[in-house]
Protein chains: 2
Amino acid sequence: MTTLSPNGAAGVRKVRRATMNDVARLAGVSIKTVSRVVNDEAGVHPATAERVLAAIDQLGFRRNLSARNLRRGSSTGTVGLVLEDVGNPFYSGVTRAVEEIARLRGRQVITGSSDEDPARERELSLEFCSRRVDGLLIVPAGLQHGYLVPEMRAGTPVVFLDRPAGDVVADTVLVDNIGGTAAAVAHLASFGHRRIAFLGDAPDIFTANERLRGYREGCVRAGIGYHESLVVMGPHDEESVRKALQGLQNAADPATAVVTGNNRITVHAVRALAGSAVRPALVGFDDFELADLLSPPVTVIAHDASALGKAAADLLFARLDGDGSPPRRVVLPVRLVARGSGEVRPS
Amino acid sequence: MTTLSPNGAAGVRKVRRATMNDVARLAGVSIKTVSRVVNDEAGVHPATAERVLAAIDQLGFRRNLSARNLRRGSSTGTVGLVLEDVGNPFYSGVTRAVEEIARLRGRQVITGSSDEDPARERELSLEFCSRRVDGLLIVPAGLQHGYLVPEMRAGTPVVFLDRPAGDVVADTVLVDNIGGTAAAVAHLASFGHRRIAFLGDAPDIFTANERLRGYREGCVRAGIGYHESLVVMGPHDEESVRKALQGLQNAADPATAVVTGNNRITVHAVRALAGSAVRPALVGFDDFELADLLSPPVTVIAHDASALGKAAADLLFARLDGDGSPPRRVVLPVRLVARGSGEVRPS
DNA sequence: GCGCACTATGACAACGTTGTCCCCGAACGG
DNA sequence: CCGTTCGGGGACAACGTTGTCATAGTGCGC
């Protein structure tokens with residue numbers, strides 16, 4: 001068993017990190033030969049290579065990628081991913097998918113959470129640019145992305161995920177928010193609901209606004225009209241969702257169905273309704289784990305985090321491979337997964 | 001509205017990235033003065049600084065961190081995090097916590113998923129070392145970590161999370177696996193259960209093995225004895241969990257209660273039992289979202305992903321701050337959250 | 001024995017930044 | 001008027017690596 005005390009502990013001599021120079025000296029060759037061996041370049045005598053490898057092993061040499069990247073100037077082998085919150089299952093799914101694609105292309109992923117703060121998004125993105133990431137994947141928090149123009153001009157491809165950029169034309173991967181909520185309303189209307197409420201996120205968030213639009217279109221198309229009194233937008237914690245639902249149910253003409261605008265709101269709603277006697281029909285945007293095991297199982301508009309991450313990463317790598325076509329906007333389909341909560345008639 | 005076509009698109013001149021040299025030339029100063037301005041060093045005349053800043057802005061200059069890190073030699077401002085799967089909610093919680101602490105210390109986090117593959121864990125860790133991360137947080141996939149010795153000796157602190165390293169003494173943050181399953185068994189026994197089964201992950205995974213040990217200790221202590229026939233270990237997908245449960249229930253002396261070894265297994269078990277008429281009592285290791293909304297709500301041994309990430313990151317940064325004390329082993333407590341599924345008497 | 005091709009290796013500069021040292025000119029005291 | 005101090009700024013080397021080019025040695029055909 002090898003034992004080793006950590007950094008700085010008594011009794012362990014802290015050693016300077018070996019460089020190619022040290023390896024070269026030990027192996028009795030020039031530094032360039034070490035470089036050749038490390039990079040698997042042809043034209044090194046097997047015996048020499050062996051000596052070099054032995055020296056590398058003995059010294060625990062590991063090549064300094066900062067120096068390499070500096071010298072080579074081109075790829076740093078990294079891509080940056082700026083999202084809202086790595087802790088959110090939706091985004092961690094996105095992260096995983098991006099990582100997967102990046103791995104196939106031999107790239108590392110650096111992530112950062114913006115927490116919906118445009119300043120933080122900018123800070124992270126530019127930090128990544130300073131690190132000379134090969135490309136940038138961004139879930140926009142704000143609407144202004146002019147700060148990226150010099151970076152894009154310098155050749156760093158940027159792909160926006162989940163929401164479009166405000167003032168820059170670039171590749172974007174979205175999900176069909178409008179179609180999703182419109183489908184939710186149509187679905188509920190087909191079961192006879194005419195008072196369908198919508199609980200959405202703050203309307204300055206692109207997806208929230210789109211989903212509201214889809215809801216409105218759905219209402220109009222179903223011939224049940226759009227009524228502002230049935231819409232509650234805003235940042236939603238559990239308590240405010242509870243209150244909103246109470247308000248909708250206690251109204252003179254109460255809502256018999258609810259469409260929720262994202263998975264957090266859906267979960268809050270399910271929790272709020274768990275005890276109550278009379279339950280409105282429910283369709284939520286975003287699928288979530290265990291939705292099928294709740295009672296009743298929750299009907300959702302599902303879209304795939306992996307697909308989103310994969311599509312964005314594919315787009316990014318296509319750009320890195322030299323694709324110079326005009327910016328693309330990809331809209332991923334959603335699908336309604338009927339599980340029970342949305343397939344009930346008004347009571 | 002600023003429009004800009006992406007990388008390489010027709011009509012956009014791709015521009016070489018500006019360096020301090022370019023800025024210096026434009027501002028009519030020396031490169032060193034630019035460096036001073038960029039680094040907020042004192043001793044630059046305000047008027048000069050203004051000229052430099054204007055040039056920086058005009059050229060879209062962004063300093064190259066590779067060059068900076070190379071020259072300065074010390075901190076790269078990054079920490080590496082190697083875990084099993086960023087997509088797993090438990091680890092994404094860990095990631096978020098680590099990111100949070102790192103942010104406070106002005107560091108970026110680079111993550112990678114090992115998928116329980118020791119080779120991949122090694123590859124990722126060493127890749128991060130090549131990037132000269134300031135420190136490394138690792139959820140071990142394998143048992144051999146000797147490959148880290150040169151890195152640790154060179155001053156890169158390493159903290160192991162969730163599982164200990166196999167053959168290296170280093171800081172480690174664990175959760176109380178043994179105490180957790182022991183408590184689960186005691187809890188079930190207190191409701192009169194004497195045939196308590198255990199469904200765990202493959203026993204070569206440290207946590208799975210520990211939890212099995214806790215289960216066994218719990219059985220012995222409760223005076224109900226340890227019976228191998230009640231234990232099913234192994235990698236578990238939904239189908240195999242279903243079969244294992246059927247086997248346990250159809251036995252001559254069927255199990256009346258089940259302890260599941262991690263959140264994936266718990267969820268599979270809940271799904272498998274969803275339809276069945278007679279349900280064993282259930283306590284799962286790991287809490288999961290919506291556990292309280294299932295029917296019955298699932299009793300779990302909860303431990304906090306955030307706490308784990310935070311403790312590990314705190315330890316790492318303490319080392320970076322020069323803490324040279326002997327390696328520590330931190331064991332985080334778990335707590336039993338009674339929700340219903342574990343509080344039923346044998347039928 | 002001579003030129004030639006070819007293999008194996010090395011010398012050197014350069015990547016973009018920052019630390020060290022040095023210099024110029026203005027202000028100031030005697 | 002001279003020496004000293006100090007604020008502002010520049011020259012230069014160095015970080016660790018790799019691309020370019022050069023060179024020594026070897027084998028081969030004639």
Side-chain angles (χ1 to χ4, degrees), chain A residues 15-53 55-56 59-77 127 129-133 150-151 154-155, chain B residues 15-53 55-56 59-77 127 129-133 150-151 154-155:
Chain A
V15 174
R16 189 178 56 85
R17 215 176 263 278
T19 70
M20 283 196 177
N21 239 313
D22 303 322
V23 175
R25 209 168 9 246
L26 181 61
V29 297
S30 84
I31 180 180
K32 178 70 215 195
T33 297
V34 177
S35 172
R36 277 193 260 260
V37 171
V38 169
N39 291 294
D40 274 328
E41 277 175 46
V44 179
H45 195 93
T48 314
E50 194 121 351
R51 279 213 319 284
V52 170
L53 287 173
I56 286 177
L59 295 176
F61 166 79
R62 192 150 318 279
R63 86 160 155 235
N64 184 326
L65 280 182
S66 286
R68 167 176 236 247
N69 292 334
L70 173 60
R71 172 64 235 236
R72 308 190 71 212
S74 52
S75 166
T76 56
E127 162 82 22
C129 289
S130 270
R131 293 193 186 281
R132 296 294 185 267
V133 291
E151 314 302 332
Chain B
V15 173
R16 190 178 55 85
R17 217 175 262 279
T19 71
M20 283 195 178
N21 239 313
D22 303 323
V23 175
R25 205 162 18 240
L26 182 59
V29 298
S30 85
I31 180 180
K32 178 69 214 195
T33 297
V34 177
S35 172
R36 279 194 258 259
V37 171
V38 168
N39 291 296
D40 275 327
E41 278 175 45
V44 178
H45 194 95
T48 314
E50 192 118 356
R51 279 212 321 283
V52 171
L53 288 173
I56 286 176
L59 295 175
F61 166 78
R62 191 148 323 274
R63 90 162 153 232
N64 184 327
L65 280 182
S66 287
R68 167 175 235 248
N69 292 335
L70 173 59
R71 173 62 235 239
R72 310 194 66 214
S74 52
S75 165
T76 56
E127 162 82 22
C129 288
S130 270
R131 293 194 187 281
R132 297 292 185 267
V133 292
E151 314 303 331

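In what follows, every chain begins at residue 1, and chains take the letters A, B, ... in the order their sequences are listed.
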Judged by each residue's nearest nucleotide on DNA chain D, which is more toward the 5′ side, Gly43(B) or Ala18(A)?
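The 5'-side residue here is Gly43(B).
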Across the strands shown, which category fits [X] at heavy-atom distances under 4.0 angstrom: base, sugar-phosphate, nothing?
X: Val29(B); value: sugar-phosphate
X: Thr33(B); value: sugar-phosphate
X: Ser66(B); value: nothing
X: Val44(B); value: sugar-phosphate
X: Asn69(A); value: nothing
X: Ile31(A); value: base

Using whole Å, what does the distance between atom [atom2] of nucleotide [N] and atom [atom1] of [X] come to?
X: Arg132(A); N: dT17(D); atom1: CZ; atom2: P; value: 20 Å
X: Glu41(A); N: dT20(D); atom1: CD; atom2: P; value: 11 Å
X: Phe61(A); N: dG16(D); atom1: CZ; atom2: P; value: 10 Å
X: Asn64(A); N: dG16(C); atom1: CG; atom2: P; value: 16 Å
X: Glu50(B); N: dG8(D); atom1: CD; atom2: P; value: 15 Å
X: Arg51(A); N: dA8(C); atom1: CZ; atom2: C1'; value: 12 Å
X: Leu59(B); N: dG16(C); atom1: CG; atom2: P; value: 14 Å
X: Met20(A); N: dC15(D); atom1: CE; atom2: P; value: 15 Å

Taking atom [atom1] of [X] and atom [atom2] of [Y], what is their separation to the nearest 0.5 Å?
X: Arg17(A); Y: Asn64(A); atom1: CZ; atom2: CG; result: 8.5 Å
X: Leu59(A); Y: Met20(A); atom1: CG; atom2: CE; result: 12.5 Å
X: Thr19(A); Y: Ile31(A); atom1: OG1; atom2: CD1; result: 6.5 Å
X: Lys32(A); Y: Glu41(A); atom1: NZ; atom2: CD; result: 5.0 Å

Are more than 12 heavy atoms from other residues, nucleotides or ligands located less than 6.0 Å from atom CD of Glu50(A)?
no
Ignoring hydrogens and angles, are the base of dG19(C) and the side chain of Arg36(B) linked by a donor-acceptor pair under 3.5 Å?
no
Has the side chain of Arg71(B) got a donor or acceptor atom sitting under 3.5 Å from an opposite partner on the base of dT18(C)?
yes
Verify the contact: side-chain N or O of [X] to OP1 or OP2 of [N], cut-off strictly under 4.0 Å; return yes or no.
X: Thr19(A); N: dC15(D); answer: no
X: Ser35(A); N: dT18(D); answer: yes
X: Arg68(A); N: dT18(D); answer: yes
X: Ser30(A); N: dG10(C); answer: yes
X: Arg72(B); N: dT17(C); answer: no

Minimum-distance pair of heavy atoms, taken over all atoms of Val37(A) and Ala49(A):
CG2-CA, 4.0 Å
